[in-house]
Amino acid sequence: MPGLTIGDTIPDLEAETTQGKINLHHFCSNSWTILFSHPGDFTPVCTTELGKMAEYAKEFNQRGVKLLGLSCDDIQSHNEWIKDIEAFTPGCKVSYPIMSDPKREIIKKLNMVDPDEKDSSGNNLPSRALHIVGPDLQVKLSFLYPATTGRNMDEVVRVVESLQKASKFKIATPANWKPGDPAVIQPSVTDQQAKDMFPQGFETKDLPSGKNYLRFTKV
Ligand code: BEZ
């Protein structure tokens, strides 16, 4: 059976975090949330990633996005580790909660298990999974990276912007799109509807097929 993926509602579960016990649905309700997992505390790539996430927290906050990390180790370990994270990325403050999952139950429910990574006792470890969850509690986008590849937080900001724009307007964002670039109008929108929806106008690209499906607009 496939695990949690785009369009699925996240499971309702309780978790211990560095900021107390949370209910996942309650935490994620009515706002965008980034749920991101890490193979383990006191590991090099994870230490850089959590610091970068803390550095970018302002970017996410400005966009109404909450952050919630996960590493399986216990809360005492997380609190010790946070000192290293903040020392490695000077000026950053890990202000977001980090879940613990000693029984590896949450990582299974959130489809964050890396089949190739095991701890010294043979227990599965989480991959570098990242789910962006909408205010409706549904997964809107997921990354799944192996332990050896750290994530790029500029890319996380970029996709948040894309998701939030596409939730407001009938647009999509093309390859290598960056915030501020023109977006494309979704194919289901007729030209007549596009005139009403996008009073700022749109530009249709001439293509060999003669089909007018590549329409750019600024939103
Ligand atoms: C790391 O975070 O650096 C890491 C963790 C597990 C395997 C490889 C790298």
Side-chain angles (χ1 to χ4, degrees), residues 2-6 10-11 13 15-22 24 27-28 32-61 65-133 139-160:
L4 185 76
T5 189
I6 294 179
I10 55 166
L13 51 84
E16 293 292 345
T17 83
T18 47
Q19 295 177 11
K21 201 168 183 162
I22 60 156
L24 195 61
F27 185 90
C28 298
W32 291 77
T33 309
I34 299 177
L35 296 178
F36 54 106
S37 61
H38 301 271
D41 293 6
F42 303 103
T43 53
V45 177
C46 301
T47 301
T48 64
E49 284 193 318
L50 273 98
K52 272 285 168 248
M53 220 21 148
E55 202 178 283
Y56 277 61
K58 204 162 69 161
E59 295 288 331
F60 296 116
N61 198 23
V65 182
K66 288 184 182 173
L67 301 176
L68 179 56
L70 185 154
S71 173
C72 290
D73 304 271
D74 63 35
I75 298 298
Q76 196 187 342
S77 166
H78 288 356
N79 284 329
E80 283 300 311
W81 184 33
I82 285 171
K83 294 178 199 160
D84 284 2
I85 296 165
E86 292 180 348
F88 177 72
T89 304
C92 88
K93 199 96 203 108
V94 178
S95 52
Y96 52 81
I98 306 171
M99 292 185 272
S100 72
D101 184 24
K103 295 189 181 151
R104 273 69 173 163
E105 285 165 356
I106 299 175
I107 58 170
K108 286 185 200 132
K109 290 182 180 159
L110 292 178
N111 194 18
M112 290 173 156
V113 179
D114 186 333
D116 292 335
E117 292 292 336
K118 301 226 183 339
D119 66 14
S120 52
S121 314
N123 298 314
N124 275 110
L125 290 171
S127 53
R128 296 189 195 287
L130 183 150
H131 299 303
I132 301 182
V133 180
V139 177
K140 305 298 178 188
L141 179 145
S142 295
F143 291 166
L144 198 52
Y145 284 28
T148 47
T149 306
R151 287 157 285 193
N152 182 323
M153 301 316 159
D154 286 327
E155 174 62 2
V156 183
V157 173
R158 190 187 79 90
V159 297
V160 163

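Start at 1 and go down the list; that is how both ligands and their atoms are numbered.
In this structure, the protein non-hydrogen atom closest to atom 9 (C) of ligand 1 is Ala147 O, 3.7 Å.
In summary, the atoms of ligand 1 found under 4.0 Å from a heavy atom of Val45, numbered by their order in the structure, are 1 (C), 2 (O), 3 (O). Near Thr43, the atoms of ligand 1 lying under 4.0 angstrom from a non-hydrogen atom of the residue are 1 (C), 2 (O), 3 (O), 5 (C). In the vicinity of Pro44, heavy-atom distances shorter than 4.0 Å reach the ligand 1 atoms 1 (C), 2 (O), 3 (O).
Contact annotation for Arg128 and ligand 1: only side-chain heavy atoms (C-beta onward) come within less than 4.0 Å of the ligand.
Taking the side chain as every heavy atom from C-beta outward, Leu24 and Ile106 never approach each other to under 4.5 Å.
Between Trp81 and Phe42, the two ring planes are tilted [angle within 30° to 60°].
For Tyr145 and Phe36, the gap between ring centers reaches or exceeds 6.0 Å.
Seen from the ring of Phe27, Lys66 counts as a face-on cation partner, given the 6.0 Å and 45° thresholds.
In this structure, the side-chain contact (heavy atoms from CB on, under 4.5 Å) partners of Lys52, at least two apart in sequence or on a different chain, are Glu55, Tyr56, Met153.
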